[in-house]
Each structure stands twice: as structure tokens, then as C-alpha cells.
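Input: a single structure, listed below in C-alpha cells.
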Protein chains: 2
Amino acid sequence: MSNRRDAVHEILRQSEGFRSAQDVYAEMRAEGAKIGLTTVYRALQALADSGHVDTLRTDDGESVYRACASGDHHHHLVCRRCGRTVEVAGPAVERWAEAVGSEHGFTGITHTVEVFGTCASCSSAAAKPAGVPSRA
Amino acid sequence: MSNRRDAVHEILRQSEGFRSAQDVYAEMRAEGAKIGLTTVYRALQALADSGHVDTLRTDDGESVYRACASGDHHHHLVCRRCGRTVEVAGPAVERWAEAVGSEHGFTGITHTVEVFGTCASCSSAAAKPAGVPSRA
DNA sequence: ACGGTTTTGACAACCGTTTTCATTTGCACG
DNA sequence: CGTGCAAATGAAAACGGTTGTCAAAACCGT
């Protein structure tokens, strides 16, 4: 039954970058899976809660998810064109955040860091129409 | 006429941390201002576009705005308890983002960095439940 | 005052997400 | 095998923030 959840997880595993809930739902339906939007949302939330996937908000307020290679703390370098994502570690940033926080008397520091850019292949294809990765 | 816009800006100026659009709208109405929600949104967008205010998304997808002291690029250290916000500069982070990006062949690097924590007064209030907000 | 343009704001449309709730499924036990 | 029950599912409705629509109001130069 929580077969659905694994299925959702699988979709994310096969994806390069971040996917939205609706996106995942659409793909599953397209593949013939019998699943409801509600369940996709629930699965995604469960996976996020259990730390199996990473989640972040796009600028337009949509939640996007991604199966991460490691459960360790890390950040993302996302191609704003094709959505390809690279996981990056940033010890320097961690330290900086911690330092800047305590410097101002803040405790229990957490932080969100996302880096966006245009990846090599996308920037070289810049003159062309642009691929259609998942969303754009 | 863009009197409304200035009014909205003023509300943000008087605020300590980030405010949501609806929040600003509610306050303005409470103060007796004749303004519509639509206009508040438009003013906020205009201010954000012109760089007069900073904007970010809360975890629940709401957009929040804040009048920033400087138009320069900077980040925020936000108290997750009371919302108090400190603007912080992070040359190290800027460099790191740039480096990590080009390292992977990405161009046109941008980034979002937000640091959250509990500020001194809030954490001391939390540690000592029954009031007695002594040491800072 | 007058036409043309911009701004405004009540209201409806949107859209992603969450809730509701009746139904189905899985499972332990008799 | 049934039976009962709790968890999972999903269709549809509810939600809530944001955006679009469009007619009325405010401006502005003349």
C-alpha cells in the first residue's frame, strides 16, 4: 500500500532535478499508474519529513522535491534553464552562517542556501529555443 | 497617486521584520487607510521590482516583504521567534556561490541565502518560561 | 472644464495545496 | 476462510494567497 510512496520516491530518483508535486503526479498517470493527486502530496510530505527527499520553494511558491544522494546537510546548484541539480557541500557557508548568527546573539542557527545559474550545456544552447525539461 | 505605494513602503519601514502582503493590508485598514488588497500587492511588487524592499517566501509559500536599509546585495538573519531581522553582508558567501557555480560550468550565478535562528531575547525567554527575561 | 491616461479597488478567477470523507486495502485474529 | 479495524487511498470540495478583470475614480496637461 505504501507501495505508492515508494513509487513516488522512485520517480524522484529517476529525475535529474527538482520536480513539483503536480509534475510527479502527471508523470505517474502518464505511465499508467493509478494514483491520486492527494496521495502524491502525502507521499511527498512523508518523504520530506523522513528526510528521504529534499524540498524547496520556487519563486512562484510551488514546492519542489528531489531525492537526494545523501542525507547529509548539503545545498543545491540548480540550472534555471533545465533544472539539472548538483548537490554541493559548503563548509565555508556553514561556518559563515553559524558565525554570523552567534555574532548577533542568535542561537539554533539554521539556514537555507540555494544557488542558481545556467549550466554549461544550456548556456551554449542559449541561442536555440530551449529544451523542455519539466517545467519552464 | 503612487501615494499608496509610499504608504505601503512606510508601513514596511516601521516594521522590524518581514511582513506579509495581507498583514500590511490589514494594518493599513486598521489605521483607517482606504486601500484595497490589490493595490497593496501591486505596491509591494513594484517596490520589490525597484529594489526598495526585499522579498522572500516563508515555508508555507507566503510572500513576505521588508524595507531594507541598503539597496546593496545582502542577506538576512531572521529570528524564527519574533521575526526580528538583521541585515548581514557575506562576502565569503558571495564568493563561494560564484566559485561553486563556475566550478560546475554554471554561469549567471545568483543565490538565495537566509539564516534563521532564535535571537538572544527570545532564547532567554524560552529558556526561562516563567518570565524573568534576564541575561541577554 | 475636458479628453486621455494612469491608478485604484471590489470581485472573480487561478492554482497549488490541504482537508474531508466515503471507500478500499492490508492485516491480525477468531 | 470470514470479520473487524485501523491505515491508506483518492475524488471532490474547501482553502488561502496571489493575480487578473474591468469599470469607476484620480491625475495631468491643455
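Convention: sequence-line order gives letters A, B, ...; per-chain numbering from 1.
Side-chain contact check for B:H73 and B:E94: at least one donor-acceptor pair (N or O, by modelled atom type) lies under 3.5 Å. A donor-acceptor contact closer than 3.5 angstrom links the side chains of B:T118 and B:R80. Looking at A:Y41 and A:Q22, their side chains do bring a donor and an acceptor atom within 3.5 Å of each other.
We find that CG of B:D49 is positioned 11 Å from P of D:dT19, with the value rounded to whole Å. Rounded to whole Å, atom C1' of D:dC28 lies 16 Å from atom CG of B:N3. The interatomic distance linking B:E62 (CD) with C:dT17 (P) rounds to 15 Å, in whole Å. In this structure, the CG atom of A:L37 is 10 Å from the P atom of C:dG16, given to the nearest Å. Going from atom OH of B:Y25 over to atom P of C:dG9 covers 9 Å, rounded to whole Å. Rounded to whole Å, atom P of D:dG17 lies 14 Å from atom CG of B:L44. Across the protein-nucleic acid pair, B:R5 atom CZ and D:dC27 atom P stand 16 Å apart, rounded to whole Å. Straight-line distance from the CG atom of B:D60 to the P atom of D:dG17: 9 Å, rounded to whole Å.
A sub-4.0 Å separation between OP1 or OP2 of D:dT19 and a side-chain N or O of B:Y41 is absent. For C:dT17, the OP1/OP2 oxygens have no side-chain nitrogen or oxygen of A:Q45 closer than 4.0 Å. Between C:dT25 and A:R4, no contact under 4.0 Å exists linking OP1 or OP2 to a side-chain N or O.
Residue B:S63 has its side chain nearest to D:dT18 when only D:dT18, D:dG20, C:dG16 are considered.
The base of D:dA8 lies outside donor-acceptor range of the side chain of A:T39, with no N or O pair under 3.5 Å. The base of C:dG9 lies close enough to the side chain of B:R42 for a donor and an acceptor atom to sit less than 3.5 Å apart. Interface remark: the B:T38 side chain does form a donor-acceptor pair with the D:dG20 base, using a distance-only criterion of under 3.5 Å.
Just one residue in the list B:E62, B:E27, B:E10 forms a salt bridge (Lys or Arg N to Asp or Glu O under 4.0 Å) with B:R19, and that residue is B:E27.
Among the protein residues, A:Q22 comes within range of the nucleic acid bases, having at least one heavy atom under 4.0 Å from a base atom.
The ring pair (Phe, Tyr, Trp, His ring centres under 6.0 Å) search around B:F18 returns B:H76, not counting sequence neighbours.
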